[in-house]
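The block underneath contains the structure these notes are about, expressed in structure tokens.
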Amino acid sequence: MLLLICPYCGVAAEETELAPGGEAHLKRFGPGSSDAEFEAYLFARKNPKGVHFERWRHAYGCGKWFLAARCTATLEVFGTYPAQTSGPPDDIIDRIKARRPDWKGFA
Amino acid sequence: MKRYSLFAIAREALTHHQGWERAWRSPAPKPGYDVVIIGAGGHGLATAYYLGRNHGIRNVAILEKGWLGGGNTGRNTTIIRSNYLQDPSAAIYEKSRSLYETLSQDLNFNVMFSPRGVMMLAQTHHEVRGYLRTAHANALQGVVTEFISPARVKELCPILNIDGPRYPVLGALWQPRGGTGRHDAVAWGYARACSAMGMDIIQQCEVTGVRSENGKVTGVETTKGHIGTGKLGIVVAGHSGQVAQMAGFRLPVESMALQALVSEPIKPCMDVVVMANTVHGYMSQSDKGEMVIGGGTDGFNNYTQRGSFQHIEETLRALIETFPMLSRLKMLRQWGGIVDMTGDRSPIISKTPLGNCFINCGWGTGGFKAIPGSGWAMAELIAKGEPSPLAAAFDMGRFREGRFIDESVAAGVAH
Ligand SMILES: Cc1cc2nc3c(=O)[nH]c(=O)nc-3n(C[C@H](O)[C@H](O)[C@H](O)COP(=O)(O)OP(=O)(O)OC[C@H]3O[C@@H](n4cnc5c(N)ncnc54)[C@H](O)[C@@H]3O)c2cc1C
Ligand SMILES: [Zn+2]
């Protein structure tokens with residue numbers, strides 16, 4: 001079972017307390033955007049086999065949305081961080097690079 | 001290829017069964033092919049088979065990173081049905097189901113298609129309305145289904161508790177010619193037939209890169225070296241995102257774990273397939289006597305072929321309510337596969353941004369039943385470069401244009 005530390009309330013939450021929310025840091029498009037931009041926002045996903053940034057909600061805890069960096073090939077968790085950001089924080093990036101020297105970086 | 005027959009068994013009996021030949025060859029890759037298919041699961045093998053049989057294209061290689069049929073094709077719970085709501089779905093799944101009827105004869109390999117009947121329980125009024133609607137749609141589509149009463153449900157499956165405290169059975173959508181098949185045999189049967197046509201199935205050969213020039217694929221990099229190709233078919237289910245990335249495009253697909261489990265074998269007690277979508281569990285009994293059980297996917301991206309234990313608990317909790325006799329059974333084995341879930345939960349059979357590269361994916365939790373029909377349609381797309389009416393609605397462009405084939409809303413659950 002996955003254990004993720006909620007960056008808001010600090011609880012080491014078990015998977016049963018959490019609700020997954022899919023890929024993080026998606027660029028949101030609104031009225032006036034092109035079909036291609038809407039498609040990218042709504043449907044196109046990186047879906048990598050490896051480092052993945054994703055949204056979770058501490059649904060049966062404090063209820064807050066937060067973000068996690070996790071490896072989809074091994075289930076290793078690199079860290080969690082608050083959702084009020086448009087990209088992963090430096091300390092998380094450093095931790096991933098230390099553990100995955102081949103990683104191409106966040107793009 | 002020596003044909004399997006009663007006569008062959010008699011002949012081999014006389015020579016102590018020393019004369020059986022290997023079902024397929026294990027050749028080294030040639031420098032190039034007319035068509036390369038990535039992925040020797042059911043869909044990839046069926047694509048190759050119908051390329052040869054329907055379109056006369058036989059200079060074909062099927063590349064497989066593990067062993068053939070070792071992906072989802074060898075990990076599913078083998079339910080075959082075609083009682084979908086939307087017209088494009090009903091068309092391709094019914095084509096597939098009808099091909100299953102004669103697949104053993106076509107392939108000269110017993111795929112053990114068992115049209116024992118599939119029952120989808122209606123346990124809420126919403127589901128009753130939904131399945132009545134599906135039954136009417138199926139009548140128009142020429143798919144034989146029927147909405148049956150709780151009494152008939154009990155008659156067809158006596159071990160079912162129709163008066164459950166939470167979700168009593170209010171009826172069911174019944175497809176009498178749905179059923180099960182032997183998943184490994186489907187892969188093996190297609191593989192043997194492909195090999196007999198002179199196609200090369202190359203196992204332990206992982207594709208690691210896609211080479212292209214001027215918007216066209218020229219070949220693939222593999223763990224067994226470069227292999228050139230005139231056309232490329234990507235048929236890798238859970239790994240579609242990864243291979244698409246090699247080819248330079250993105251898909252509306254996410255990969256997740258779906259688990260299944262089997263009980264200890266018991267005497268025959270159930271000769272239909274039952275799906276209970278409200279409580280999220282389904283079950284059939286294998287010829288060996290095991291109860292074959294499945295449920296829903298995990299919710300997060302995952303490539304590990306193992307899922308979270310709480311989903312097994314949820315599935316069993318749901319099924320014990322529906323089948324109280326299960327509570328005394330021991331569960332023997334559990335496993336997972338990586339399923340490719342699209343944005344509208346319907347599959348993709350499509351051209352790609354690369355002119356001579358085609359993709360077949362997104363069958364998610366329900367593509368075993370679709371293997372023959374999907375291979376049929378994908379072969380036509382690769383051979384002609386344009387989709388047949390069977391495949392046209394499943395192109396990737398639908399996500400840009402909003403032409404969804406929304407079976408997830410229709411069914412509430414896949415399979
Ligand atoms: C637990 C479970 C239960 C299911 N139950 C049902 C059911 O009851 N009924 C139903 O209809 N469907 C069911 N399904 C879905 C069904 O199994 C799949 O939709 C179907 O098998 C997909 O077949 P495929 O050939 O596309 O994929 P796969 O069989 O997964 O084949 C893809 C192949 O591609 C190979 N590959 C991947 N990447 C590469 C690479 N880079 N190079 C070379 N090869 C590569 C893989 O090794 C694999 O063998 C279930 C699935 C699971 C996991
Ligand atoms: Zn919290």
Side-chain angles (χ1 to χ4, degrees), chain A residues 1-4 13-27 29 33-60 65-78 80 100 102-107, chain B residues 65 206 208 236-246 248-257 296-314 317 336 338-346 348 353 361-362 364 395-404 406:
Chain A
M1 183 177 290
L2 273 178
L3 285 177
L4 297 178
E14 295 178 2
E15 201 183 316
T16 45
E17 274 177 72
L18 299 164
E23 188 176 319
H25 306 304
L26 289 174
K27 186 162 167 15
F29 286 92
S33 305
S34 70
D35 288 354
E37 285 165 338
F38 272 123
E39 183 193 21
Y41 164 47
L42 292 171
F43 297 110
R45 294 293 176 262
K46 290 180 187 159
N47 192 26
K49 184 173 185 174
V51 179
H52 190 234
F53 298 93
E54 57 196 17
R55 301 171 354 125
W56 288 87
R57 194 164 93 89
H58 195 184
Y60 296 102
W65 281 101
F66 64 91
L67 307 181
R70 197 175 54 86
C71 176
T72 61
T74 63
L75 304 188
E76 178 178 354
V77 177
F78 302 111
T80 55
R100 298 282 184 282
D102 298 341
W103 181 54
K104 301 243 165 32
F106 175 75
Chain B
K65 77 180 163 93
E206 178 169 359
T208 53
V236 293
H239 283 78
S240 299
Q242 201 195 20
V243 177
Q245 195 186 7
M246 296 175 200
F249 56 91
R250 221 175 251 193
L251 291 172
V253 168
E254 291 190 272
S255 300
M256 291 171 188
T297 57
D298 291 12
F300 56 86
N301 296 51
N302 187 350
Y303 282 85
T304 61
Q305 293 187 325
R306 54 174 200 269
S308 306
F309 191 72
Q310 82 260 19
H311 289 280
I312 299 207
E313 264 184 321
E314 271 167 23
R317 196 158 56 215
I338 297 307
V339 293
D340 38 342
M341 308 298 286
T342 62
D344 63 358
R345 299 295 184 261
S346 283
I348 291 170
C361 66
D395 71 314
M396 285 202 280
R398 72 177 189 269
F399 292 97
R400 183 162 300 187
E401 294 160 20
R403 285 181 282 110
F404 307 119
D406 206 344

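All chains are named by letter (A, B, ...) in the order of the sequence lines, taking the proteins before the strands, and each is independently numbered beginning at 1.
Your options are B:Ser240, B:Ala244, B:Gly238, B:Ser308, and the one with the most heavy-atom pairs under 4.5 Å with chain A is B:Ser308. When the candidates A:Met1, A:Lys46, A:Glu23, A:Glu14 are compared by the number of heavy-atom contacts under 4.5 Å with chain B, A:Lys46 comes out ahead. Contact count versus chain A (heavy atoms, under 4.5 Å) is highest, among B:Gly299, B:Gly307, B:Ser255, for B:Ser255.
The CZ atom of B:Arg400 sits 10.0 Å away from atom CD of A:Glu37, with the distance rounded to the nearest 0.5 Å. Taken to the nearest 0.5 Å, the CE atom of B:Met256 stands 11.5 Å off from the OG1 atom of A:Thr72. For the atom pair B:Glu254 CD and A:His52 NE2, the distance stands at 6.0 Å (nearest 0.5 Å). To the nearest 0.5 Å, the span separating CG on B:Asp298 from CD on A:Glu15 amounts to 6.0 Å. To the nearest 0.5 Å, the span separating OH on B:Tyr303 from CG on A:Leu75 amounts to 13.0 Å. Between the CG atom of B:Asn302 and the SG atom of A:Cys71 there is a distance of 10.0 Å, given to the nearest 0.5 Å.
Of the two parts of A:Leu42, neither the backbone nor the side chain holds a non-hydrogen atom closer than 4.5 Å to a non-hydrogen atom of chain B. For chain B, the nearby part of A:Thr74 is the backbone; its heavy atoms alone come within less than 4.5 Å. Contacts between B:Phe309 and chain A at a heavy-atom distance below 4.5 Å are absent for every atom of the residue.
Looking only at side-chain heavy atoms (C-beta outward), A:Asn47 and B:Arg250 stay at 4.5 Å or farther from each other.
Open room surrounds OH on A:Tyr60; 12 or fewer heavy atoms of other groups in view lie less than 6.0 Å from it.
Within the 6.0 Å centre-distance limit, the rings of A:Phe43 and B:Phe404 are counted as a close aromatic pair.
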